Amino acid sequence: DGGITQSPKYLFRKEGQNVTLSCEQNLNHDAMYWYRQDPGQGLRLIYYSQIVNDFQKGDIAEGYSVSREKKESFPLTVTSAQKNPTAFYLCASRSYRQPPYEQYFGPGTRLTVT
Amino acid sequence: GIQVEQSPPDLILQEGANSTLRCNFSDSVNNLQWFHQNPWGQLINLFYIPSGTKQNGRLSATTVATERYSLLYISSSQTTDSGVYFCAVVGAAGGTSYGKLTFGQGTILTVHP
């Protein structure tokens, strides 16, 4: 089955700790994205990557870091510098080399920091 | 950056009713997608529709790119249609936008039996 997996589904952390969220895809997509969703809001872009070993900041990158060492994987680290880390995090991917060009989303990780 | 506005913000229907959701955007777009977010948070792709009209069962969508809006039609609504519907676009301005989606605030649809 082709798709995007995110783990864990729920994550609880104490303030001041870094935490890494996993995102894996087996769709052979080149581009991968991380979005954040707060209650009652739309999604906002954190980071994106068009190709292995390259990534760019999105609209709300402060307090986050990413890596793209493999085409299939795009982990997101929420650092202690992120002021309001409690949110729902969604990973997405898409092909830009051939159609369909639409973005597909994983099931998300709910992060709670206390 | 590009702005996306969805209306109405909330919609309550009886099962069997029809509805129209609207998405207005402030600039030219390369991509427009409609999503349904289910109660567990999963975003389900409904349509990839930067222009024209598409239909999939009880759902259909129309994007009029020159007038900067898109409509999502839901006919004979069912309780399982409940959830949040998002419109998201990739702006065409400024050259390559790397597929970055800008989301509207969503329409919360509640369908009562």
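Because the structure is a prediction, the values reported are computed rather than measured. First the proteins, then the strands, lettered A, B, ... as listed; each starts at 1.
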When you compare the side chains of B:Gln33 and A:Gln103, does any donor N or O come within less than 3.5 Å of an acceptor on the partner?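 No, no side-chain donor-acceptor contact under 3.5 Å.
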
Checking the side chain of B:Gln42 only, and the main-chain atoms of A:Phe105 only, is there a donor and an acceptor separated by less than 3.5 Å?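 Judged by distance alone, yes, a pair lies under 3.5 Å.
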
Does any heavy atom of chain B fall under 4.5 Å from the side chain of A:Leu43, the backbone, both, or neither of them?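 When you check distances to chain B, atoms from both the backbone and side chain of A:Leu43 fall under 4.5 Å.
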
Would you say B:Phe47 and B:Leu71 are hydrophobically clustered, going by side-chain heavy atoms of ILVMFWY under 4.5 Å?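 No, it is not one cluster - the side chains of B:Phe47 and B:Leu71 are not joined through contacts under 4.5 Å.
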
For chain B, which candidate among A:Gly40, A:Gly106, A:Ala92, A:Gly108 shows the most heavy-atom pairs at distances under 4.5 Å?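 The candidate making the most pairs under 4.5 Å is A:Gly106.
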
Side chain / backbone / both / neither for B:Gln6 at chain A, heavy atoms under 4.5 Å: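 The answer is neither part of B:Gln6.
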
Please check if A:Ile60 and A:Val66 belong to a single hydrophobic cluster, counting links between Ile, Leu, Val, Met, Phe, Trp and Tyr side chain heavy atoms closer than 4.5 Å.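 Hydrophobic grouping puts A:Ile60 with A:Val66.
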
Once you round to the nearest 0.5 Å, how far does OH of A:Tyr33 lie from NZ of B:Lys100?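 Spacing of OH (A:Tyr33) from NZ (B:Lys100) equals 9.5 Å.
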
With respect to chain A, which residue among B:Leu101, B:Leu43, B:Asn31 yields the maximal number of heavy-atom pairs within a distance under 4.5 Å?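 The candidate making the most pairs under 4.5 Å is B:Leu101.
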
So which part of A:Gln37 gets closer than 4.5 Å to some heavy atom of chain B, the side chain, the backbone, both or neither?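 Only the side chain of A:Gln37 comes within 4.5 Å of chain B.
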
For residues B:Phe25 and B:Leu46: do they belong to one hydrophobic cluster (side chain heavy atoms under 4.5 Å, members Ile, Leu, Val, Met, Phe, Trp, Tyr)?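 B:Phe25 and B:Leu46: one cluster.
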
Same hydrophobic cluster for B:Trp34 and B:Val89, using side-chain heavy-atom links shorter than 4.5 Å among ILVMFWY?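 Yes.
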
Answer yes or no: does atom CD of B:Glu5 have more than 12 heavy-atom neighbours from other residues, nucleotides or ligands under 6.0 Å?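 Not buried by this count: 12 neighbours or fewer within 6.0 Å.
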
For B:Asn45 and A:Glu102, test the side chains for any donor-to-acceptor distance below 3.5 angstrom and give the result as yes or no.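 On atom types as modelled, these side chains qualify, holding a pair under 3.5 Å.
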
Quick check for you: to the nearest 0.5 Å, what is the distance between B:Phe103 atom CZ and A:Tyr35 atom OH?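 Between B:Phe103 CZ and A:Tyr35 OH, I get 5.5 Å after rounding to 0.5 Å.
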
Do A:Met32 and A:Leu21 share a hydrophobic cluster, counting only Ile, Leu, Val, Met, Phe, Trp and Tyr and linking them when any side-chain heavy atoms are less than 4.5 Å apart?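 Result: yes, single cluster for both.
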
What part of A:Arg44 lies closer than 4.5 angstrom to a heavy atom of chain B: side chain, backbone, both or neither?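 No part of A:Arg44 comes within 4.5 Å of chain B.
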
Nearest-0.5 Å distance, OG1 of residue B:Thr102 to CG of residue A:Leu45: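 Those atoms lie 8.0 Å apart.
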
